[in-house]
Amino acid sequence: MSSFLKQAFSSKIFKETSVLTKGVVIGNIVTVIASIAIARIYSPAEIGYISIFNSLIFILSSIFTLGYDQAIVVAKTKSETTILTTISEILLVIGCLLTLLLCGVLFFIDIAIPFDIPRSWILFIPFGTFILGAINIYNSWFVDQKEFKVASNNRIILSTLTALTQIIIGLFSLTFWGLLIGYLTGRTASFLNFSKHLYQKYKRVWEYSDIKEIALKFKKYPKYVTPTLLIDRISIEAPFFLISIYFFSTDVGYYAIAYRVLSIPISFIGVALGQVLYKNFSLLIQRSKPMLNVLTKNWIYLALIGAVPTLIISFYGELLFPMVFGASFTQSGSFAIILAPMLFLDFISSPTGKTFLILKLEHYSTYFSFLRIALIIVSFYIGINSNSIYLALLFYSMTRSLGLIFQNSILYFKLTQYEQSLNPEIR
């Protein structure tokens, strides 16, 4: 086991991931500490508001770029990378302008909003969407260029300014506005920092012929990746909306705290590792090199890392959450126990999920996303009819866990087929 771990820590992928992870680790430590303070300053309902707002702009920012931001990391030349970045920026601006028009209509016309956020927040959705979408685009660019330090430092800026602003404003009793202002402040600072570094690295390419050529070359991304991303994002964020609509605002806050804590391993390592693996797997495919060994080793590494926190939450969640976040968040501990197995498997799977794109099996990702949506609908239908959020989350956790096992089994099988095609003698 010691030689196995030594080999893992000395690998190129681990070294590249560690650079990205430094910023993610510091950023998440700040977020966790801030969450403790925020849970004692703001009510569960107010935390639910910012969770719903984040879910909305998370979905919209993923749609507007039509998947071209995902192509940035797999582009073969810097010219392609630069033009794909430009395409993503243009599409994001167009999408946000249309959203601004729609949000203006919703705000000034008395139309009921199905989910629970302050009505005045609607006007901030386009701005939040633009900022988050731009951060995602620029993060892909710096990862592609292996400028991991810039991406890492940016995460620290985002987390620190968000936390400080939310806590300081909250101490002056400005209620839920502190959460929104802090949220937007941190992301605006992150966007400006990325923009500064990006401006120094390349000149934007605005020639229509170049943009059209690259857009057509990577047309599979709008065709396959965008629908998959939309369904995938909706499936991730759907519980927030369903809880808000069919249960109570406070339940959204309890779920948000539980989900945030359980997602720490994914945020710490999973996101950074996923970005590095996506780039490295793309290079392996271009060079017709095997990937299965890299995939399985990373699954094992992640399982070892995630096992301990998952077991601690599973056994002591109901004691730890009220102890850390306050007595009013005991229910978050109960939710965490239910969700722990699902998010453990998600932690293992999320960094390698985009391998289907690299293998040109985009339609598989679409199938899995549809399956996830179907399982969520069934799970919450059972819980809503039983008037039990616990039953809804239990079925959601169980079915999602089985879905992840099925997805990883298919990925393993497809990679086995790929390696056999490289060396037909392997049977």
Side-chain angles (χ1 to χ4, degrees), residues 44-45 47-49 51-56 58-59 62 112-117 227-263 266 306 310-311 313-318 321-322 328-350 353 364-410:
I47 293 173
Y49 296 156
S51 300
I52 292 292
F53 182 86
N54 178 65
S55 296
L56 278 170
F58 191 67
I59 292 170
S62 301
I113 305 171
F115 40 82
D116 195 7
I117 63 170
T228 301
L229 275 176
L230 173 59
I231 298 165
D232 194 48
R233 297 306 190 213
I234 290 174
S235 67
I236 293 171
E237 307 302 329
F240 290 99
F241 295 109
L242 291 171
I243 293 170
S244 174
I245 295 168
Y246 293 104
F247 295 102
F248 300 100
S249 300
T250 52
D251 288 329
V252 182
Y254 296 139
Y255 177 83
I257 290 293
Y259 193 88
R260 179 181 293 181
V261 170
L262 290 173
S263 297
I266 297 176
T310 300
L311 289 172
I313 293 294
S314 298
F315 285 104
Y316 302 107
E318 289 183 336
F321 274 80
S328 59
F329 285 90
T330 302
Q331 194 167 327
S332 291
S334 302
F335 288 175
I337 292 172
I338 296 171
L339 297 171
M342 176 190 76
L343 285 169
F344 170 68
L345 289 170
D346 209 6
F347 170 62
I348 297 171
S349 307
S350 59
Y364 277 87
S365 297
T366 305
Y367 298 153
F368 293 134
S369 296
F370 272 117
L371 176 62
R372 183 172 181 173
I373 284 285
L375 294 176
I376 289 173
I377 292 171
V378 170
S379 300
F380 273 84
Y381 178 80
I382 294 170
I384 291 164
N385 279 331
S386 304
N387 196 28
S388 171
I389 188 172
Y390 292 100
L391 197 59
L393 294 179
L394 178 61
F395 274 91
Y396 171 47
S397 181
M398 289 171 55
T399 55
R400 171 65 177 151
S401 297
L402 292 173
L404 286 168
I405 293 171
F406 176 68
Q407 175 180 319
N408 288 340
S409 299
I410 296 294

Sequence neighbours excluded - salt bridge (Lys or Arg N to Asp or Glu O under 4.0 Å) pairs with any residue from residues 372-394: Asp232-Arg372
Where do Ala256 and Ser51 come nearest, in terms of heavy atoms and distance? CB-OG, 3.0 Å
Name the residue from Tyr254, Tyr259, Phe329, Phe321 that meets the side-chain contact (heavy atoms from CB on, under 4.5 Å) definition with Phe335. Tyr254
Return yes if some donor-acceptor pair links the side-chain N/O of Ser409 with the main-chain N/O of Ile405 below 3.5 Å, else return no. yes
Side chain to side chain donor-acceptor pair (under 3.5 Å) against Ser334, all qualifying residues, sequence neighbours excluded: Glu318
Between atom CD1 of Ile348 and atom CG of Leu343, what is the distance when rounded to the nearest 0.5 Å? 11.5 Å
Considering non-hydrogen atoms only, spot the tightest contact between Ser244 and Ile52 and give its length. CB-CD1, 3.9 Å
Run the numbers on Thr399 and Val378 for side chain to side chain contact (heavy atoms under 4.5 Å, CB included), then give the verdict. CA-CA 9 Å; Thr399 55; Val378 170; over 6 Å; no
Please report the closest heavy-atom contact between Pro322 and Gly317, naming both atoms and the distance. CD-O, 4.2 Å
Compare all side-chain heavy atoms of Leu375 with those of Phe395 and state whether any distance is below 4.5 angstrom. no
Are the side chains of Phe241 and Leu56 in touch, meaning some heavy atoms are under 4.5 Å apart? yes
Applying side-chain hydrogen bond (donor to acceptor under 3.5 Å, both in side chains) as the test, list every pair that has at least one member in residues 387-398; sequence neighbours left out. none
The criterion is side chain to side chain donor-acceptor pair (under 3.5 Å); which residues satisfy it with Gln331, sequence neighbours excluded? Asp251
Applying side chain to side chain donor-acceptor pair (under 3.5 Å), can you list everything that pairs with Thr250, at least two apart in sequence or on another chain? none
What's the shortest heavy-atom distance between Ala336 and Ala258, and which atoms? N-CB, 3.9 Å
Shortest non-hydrogen contact between Leu262 and Ala340, atoms and distance: CD1-N, 3.9 Å
Working to the nearest 0.5 angstrom, can you tell me the gap between Ser349 OG and Met342 CE? 11.5 Å
Who are the side-chain contact (heavy atoms from CB on, under 4.5 Å) partners of Ile384, not counting sequence neighbours? Tyr246, Phe247, Phe380
Under the side-chain contact (heavy atoms from CB on, under 4.5 Å) test, residues paired with Ile234 that sit two or more places apart: Ile59, Leu230, Ile373
Step by step, work out the side chain to side chain contact (heavy atoms under 4.5 Å, CB included) result for Tyr255 and Leu393. CA-CA 10 Å; Tyr255 177 83; Leu393 294 179; 3.8 Å; yes
Show every salt bridge (Lys or Arg N to Asp or Glu O under 4.0 Å) that has at least one partner inside residues 383-407, sequence neighbours left out. Asp346-Arg400
With sequence neighbours excluded, tell me which residues meet side-chain contact (heavy atoms from CB on, under 4.5 Å) with Phe58. Leu132, Arg233, Glu237
What distance separates Asn408 CG from Leu345 CG, expressed to the nearest 0.5 Å? 8.0 Å
Asn54: partners by side-chain contact (heavy atoms from CB on, under 4.5 Å), with sequence neighbours left out: Tyr183
